[in-house]
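What follows is a set of notes on a single structure, which appears directly below.
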Amino acid sequence: PQNLLTNASPAPPLTLLESWSLACERLAFQAAVLEQWKETSKAGTFEIMDVYITPVNPAVAPKHGHYAKARYIAYTGTVNVLDFSACTVPVGFVNEQHKADKGGDLDAEGNAIPGVTGELDAHIRSIYDPEVYKGLPLTMQVVGKRLEEEKVLGVAAMLEKLLMDADKQREECVLML
């Protein structure tokens, strides 16, 4: 059988020693990241950072059955490796009327879209079709430290409310015009 995400054949199982070695590497990585997290309080006038916000994916979700084309997992994969708490928050939907969503040279606000930055970026742009993705959600991820699910959910709920309020104000402005 093939792996649905990578389209590759499964690797042979790790030995016990290899498994322990990877677990030790993961613990060292977790410790290093937590040390960087603590350093955020020394960088400015803020207390230690509560959460950070990141995209879930650099593009919209892959079409059903095309999971092998979803080759970028860094935003969610690192959260999983670190065993951090995370919550996905919808921030909008693909709108085929936006120039950016049509694959144009400008984003929704009229700013220039940067050129292709590499092979993965070219691949993501090549499979995008605004008609196929029309109405699909665009999301961001709220990430907190391990075992801080309540804090992450609280920030996610606050962001969702702020986004809904902004949408409501935008609709009211359009109605006034």
Side-chain angles (χ1 to χ4, degrees), residues 3-8 26-27 29-41 46-103 107-109 111 113-114 117-171:
N3 183 311
L4 283 177
L5 287 178
T6 63
N7 220 13
R26 183 180 135 208
L27 287 172
F29 180 58
Q30 287 172 322
V33 171
L34 286 173
E35 190 59 39
Q36 288 179 335
W37 195 303
K38 279 182 13 187
E39 292 293 319
T40 62
S41 66
F46 300 106
E47 293 184 28
I48 195 163
M49 179 174 68
D50 289 319
V51 300
Y52 66 89
I53 299 171
T54 180
V56 173
N57 194 36
V60 293
K63 291 186 282 189
H64 184 67
H66 291 91
Y67 305 112
K69 294 182 179 181
R71 300 186 299 179
Y72 191 82
I73 60 166
Y75 295 120
T76 55
T78 53
V79 172
N80 291 330
V81 168
L82 293 167
D83 198 20
F84 280 177
S85 303
C87 180
T88 301
V89 178
V91 296
F93 298 92
V94 174
N95 180 345
E96 76 283 0
Q97 300 305 314
H98 288 161
K99 288 181 182 177
D101 289 348
K102 289 181 180 180
D107 66 16
E109 296 177 356
N111 301 313
I113 296 175
T117 59
E119 180 186 333
L120 180 60
D121 188 25
H123 171 73
I124 289 168
R125 292 181 191 208
S126 73
I127 64 171
Y128 181 71
D129 178 353
E131 284 300 314
V132 171
Y133 293 101
K134 176 174 59 177
L136 290 178
L138 304 171
T139 57
M140 67 181 175
Q141 178 176 224
V142 179
V143 181
K145 290 187 281 188
R146 186 171 185 263
L147 302 175
E148 292 192 348
E149 288 84 0
E150 293 88 357
K151 186 182 287 185
V152 168
L153 289 172
V155 171
M158 180 180 64
L159 287 171
E160 191 171 33
K161 182 182 179 331
L162 289 169
L163 289 165
M164 285 192 302
D165 289 349
D167 282 345
K168 190 175 180 181
Q169 288 179 349
R170 194 175 306 116
E171 287 173 13

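Worth knowing before you read on, the calculation uses all heavy atoms, side chains too, and leaves out hydrogens, waters and symmetry mates. For clarity, every value in this text was computed on a predicted model and none was experimentally measured.
Counting all heavy atoms, side chain and backbone alike, Gly144 lies closest to Val51 at CA-CG1, 4.2 Å. When all heavy atoms of Val81 and Arg26 are compared, the pair lying nearest together is O-NE, 3.0 Å.
Side-chain contact between Leu82 and Val143 is absent, with no heavy-atom pair separated by less than 4.5 Å. Here the side chains of Leu163 and Met140 are in contact, with some heavy-atom distance below 4.5 Å. By the 4.5 Å heavy-atom criterion applied to side chains, Asp50 and Val155 are not counted as neighbours.
Residues meeting the ring pair (Phe, Tyr, Trp, His ring centres under 6.0 Å) test with Phe29, sequence neighbours left out: none.
If you run side-chain contact (heavy atoms from CB on, under 4.5 Å) between Val142 and each of Leu159, Thr54, Thr88, only Leu159 comes through.
Separation of atoms CD (Glu148) and CG (Leu153) is listed at 12.0 Å; rounding is to 0.5 Å.
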Tabulate below the donor-acceptor pairs under 3.5 Å that side-chain atoms of residues 31-38 make, not counting sequence neighbours, or state none.
unit_1 : atom_1 : unit_2 : atom_2 : d
Trp37  : NE1    : Met49  : O      : 2.5

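Within the structure, every pair that satisfies the side-chain hydrogen bond (donor to acceptor under 3.5 Å, both in side chains) test and touches residues 136-146, not counting sequence neighbours, is listed here: Asp83-Arg146.
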